[in-house]
Asker: 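Would you mind keeping the following structure in view while I ask a few things?
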Amino acid sequence: NTHTTHTLFHLLLLLLQEINFHLDQVFEVSKITRMGNEMGPPWLKPMLKTDYFFPCPFHSDSNKSECNMYCLDCMGNAFCSYCLIHHQGHRLVQIRRSSYHNVVRINEIQKHIDISCIQPYIINSAKIVFLNERPQPKPGKGVTYTCEICARSLPDSFRFCSLGCKLNGIRRGDSELTFSHKRGAFDGMDSDDEPSTPKKIAFSSGSISSGDENVNGMSPDTPPLFNRHRRKGIPHRAPF
């Protein structure tokens, strides 16, 4: 029957169009997800732009009610330690401050993103990275390394001074950069391991070239000093 054949053909054509439509939708979603992974997790940009260290509106009468906690799952505003009860089981990081700039400890943030190529610092005996760029009006004298985004002077051969600068480096199209951990890259990594960088020569824990952070520098051990005593002469008895 010609009519039946035409009807079946028409239904088959509609079915193919529907399949193609869904395939296009899946492709677009995967493309957006892939771009999001390359640009970092969805909580990264909100975390960098959030305000911190203001009094908690719910616990302002309590001690230590500064809002310096951030939830990677809720991606909302910063909150204080008394609000932790509302984020049980969530991924949390604590934001700290150094010379009026926000920082996060390496052993907290590197569990969630790849922080390679970012200059680490040691402040109060803890390894940290800065959240956002810290541009300088003029580079210091004798500066060898600078941030590729904000031209901040760096003590070592890292490419960026902060998480935000690495994000901007990815935005400009550097295919070598990513915030995604390579499979197995974090396995067996010590919580205090420093971030790596393709251009890194050696990590120095000395003082920061900008001179505005209090850094606990580590210098090589000083060789022991031996006391040298002169040999006494021939002993003589005291006269009677």
Side-chain angles (χ1 to χ4, degrees), residues 35-137 146-154 158-172 177-180 191 195 208 210-215:
M35 290 177 62
N37 291 336
E38 292 173 356
M39 296 295 291
W43 50 261
L44 180 59
K45 187 176 179 181
M47 184 189 75
L48 298 180
K49 291 186 173 296
T50 296
D51 293 326
Y52 300 96
F53 301 102
F54 58 89
C56 178
F58 305 105
H59 305 98
S60 57
D61 296 333
S62 304
N63 294 329
K64 298 181 180 180
S65 61
E66 277 189 332
C67 294
N68 63 344
M69 304 294 297
Y70 189 78
C71 181
L72 308 185
D73 295 317
C74 296
M75 296 185 290
N77 296 324
F79 53 90
C80 74
S81 57
Y82 296 102
C83 299
L84 288 173
I85 191 173
H86 303 295
H87 300 272
Q88 293 182 0
H90 293 185
R91 297 172 298 165
L92 306 173
V93 292
Q94 182 177 354
I95 306 302
R96 293 170 169 83
R97 180 161 286 185
S98 173
S99 300
Y100 306 102
H101 295 285
N102 297 329
V103 305
V104 63
R105 286 186 175 179
I106 286 177
N107 61 3
E108 293 184 28
I109 196 64
Q110 70 176 358
K111 300 175 184 178
H112 310 293
I113 55 174
D114 177 12
I115 58 173
S116 60
C117 303
I118 303 175
Q119 174 73 56
Y121 297 94
I122 299 179
I123 298 179
N124 296 330
S125 302
K127 293 181 180 179
I128 60 93
V129 290
F130 285 86
L131 263 61
N132 294 297
E133 63 181 31
R134 298 170 296 138
Q136 289 175 298
T146 58
C147 175
E148 295 181 9
I149 300 299
C150 70
R152 178 79 182 186
S153 301
L154 302 178
F158 287 84
R159 298 180 59 183
F160 307 105
C161 72
S162 63
L163 295 170
C165 286
K166 180 175 179 178
L167 179 59
N168 287 329
I170 295 175
R171 284 174 174 168
R172 69 182 182 183
L177 295 175
T178 179
F179 278 113
S180 300
S191 60
I208 297 176
S210 61
D212 61 354
E213 284 88 6
N214 295 322
V215 178

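All residue numbers in this chain count up from 1 along the given sequence.
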Asker: Measure the shortest side-chain to side-chain distance between I113 and W43 over non-hydrogen atoms and say whether it is less than 4.5 angstrom.
Answerer: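 Yes, their side chains come closer than 4.5 Å.
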
Asker: Of L131, V104, L72, L44, which is the lone residue that meets side chain to side chain contact (heavy atoms under 4.5 Å, CB included) with I109?
Answerer: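 Exactly one pass, corresponding to V104.
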
Asker: Does N124 use its side chain to pair, donor to acceptor, with the backbone of A126 at less than 3.5 Å?
Answerer: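 Answer holds: no.
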
Asker: Looking only at heavy atoms, which two atoms of R152 and R134 are closest? And how far apart?
Answerer: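 Smallest heavy-atom distance, with atoms named: CD-O, 2.8 Å.
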
Asker: Decide yes or no for P42 and M75: does some side-chain heavy atom of the first lie under 4.5 Å from some side-chain heavy atom of the second?
Answerer: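 SC-SC contact between P42 and M75 confirmed.
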
Asker: For residues 62-88, pull every pair meeting salt bridge (charged side-chain N to carboxylate O under 4.0 Å, His left out), keeping only residues two or more places apart or in separate chains.
Answerer: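 Listed by first then second residue: D73-R91.
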
Asker: Is there a side-chain contact between Y70 and P46 in this structure, where contact means two heavy atoms from C-beta onward sitting under 4.5 Å apart?
Answerer: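 Counting from C-beta outward, Y70 and P46 do come under 4.5 Å.
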
Asker: To the nearest 0.5 Å, how far apart are CD1 in I95 and CE in M47?
Answerer: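 The CD1 atom of I95 sits 5.5 Å away from the CE atom of M47.
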
Asker: Which residues pass the ring pair (Phe, Tyr, Trp, His ring centres under 6.0 Å) test with H59, not counting sequence neighbours?
Answerer: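 Ring pair (Phe, Tyr, Trp, His ring centres under 6.0 Å) list for H59, sorted by chain: Y82.
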
Asker: Should we count CG of N132 as having more than 12 external heavy atoms under 6.0 Å?
Answerer: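 Yes, because the 6.0 Å sphere around CG of N132 holds more than 12 heavy atoms from other groups.
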
Asker: Out of curiosity, I118 CD1 to S162 OG, how far, rounded to the nearest 0.5 Å?
Answerer: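 OG of S162 is found 7.0 Å from CD1 of I118.
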
Asker: Does F54 have more than 12 heavy atoms from other residues, nucleotides or ligands lying within 6.0 Å of its CZ?
Answerer: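 Correct, the count exceeds 12.
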
Asker: Please name the pair of heavy atoms, one in N168 and one in E133, separated by the smallest distance, quoted to 0.1 Å.
Answerer: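 Between these two residues, the closest heavy atoms are ND2-OE1, 4.2 Å.
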
Asker: H87 vs F79 aromatic rings, parallel, tilted or perpendicular, using cut-offs 30° and 60°?
Answerer: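 Ring orientation of H87 relative to F79: parallel.
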
Asker: Between R172 and L177, is there a side-chain heavy-atom distance shorter than 4.5 Å?
Answerer: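 No, side chains not in contact.
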
Asker: Grab the two heavy atoms, one from F53 and one from N102, that are nearest each other, plus how far apart they are.
Answerer: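 That closest heavy-atom pairing would be CE1-OD1, 3.3 Å.
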
Asker: Could you grab the distance from atom CD1 of I170 to atom SG of C117, nearest 0.5 Å is fine?
Answerer: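 One finds 9.0 Å between CD1 of I170 and SG of C117.
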
Asker: So, using salt bridge (Lys or Arg N to Asp or Glu O under 4.0 Å) as the criterion, who are the partners of R96 when residues are at least two apart?
Answerer: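 With sequence neighbours excluded, R96 shows a salt bridge (Lys or Arg N to Asp or Glu O under 4.0 Å) to E108, given in chain and number order.
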
Asker: Grab the two heavy atoms, one from I149 and one from C165, that are nearest each other, plus how far apart they are.
Answerer: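 So the minimum-distance heavy-atom pair works out to CG1-O, 3.2 Å.
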
Asker: May I ask you to decide if F179's main-chain N or O and K166's side chain share a donor-acceptor pair within less than 3.5 Å?
Answerer: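 No, because the side chain of K166 does not come within donor-acceptor range (under 3.5 Å) of the backbone of F179.
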
Asker: Where is the tightest heavy-atom contact between V103 and S98, given as atom of each residue plus distance?
Answerer: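 So the two residues come closest at CG1-CB, 4.2 Å.
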
Asker: Just how far is it from atom SG of C71 to atom NE2 of H86, taken to the nearest 0.5 Å?
Answerer: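 Going from the SG atom of C71 to the NE2 atom of H86 covers 12.0 Å.
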
Asker: Mind checking the SG-CZ spacing from C147 to F158? Nearest 0.5 Å is all I need.
Answerer: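 Output value for this atom pair is 12.5 Å.
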
Asker: Minimum heavy-atom separation for Y52 and M69, please, with both atom names.
Answerer: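 Closest approach of Y52 to M69, heavy atoms only: CE2-O, 4.5 Å.
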
Asker: Where do L154 and Y121 land on the side chain to side chain contact (heavy atoms under 4.5 Å, CB included) test, with the steps shown first?
Answerer: CA-CA 10 Å; L154 302 178; Y121 297 94; 3.8 Å; yes

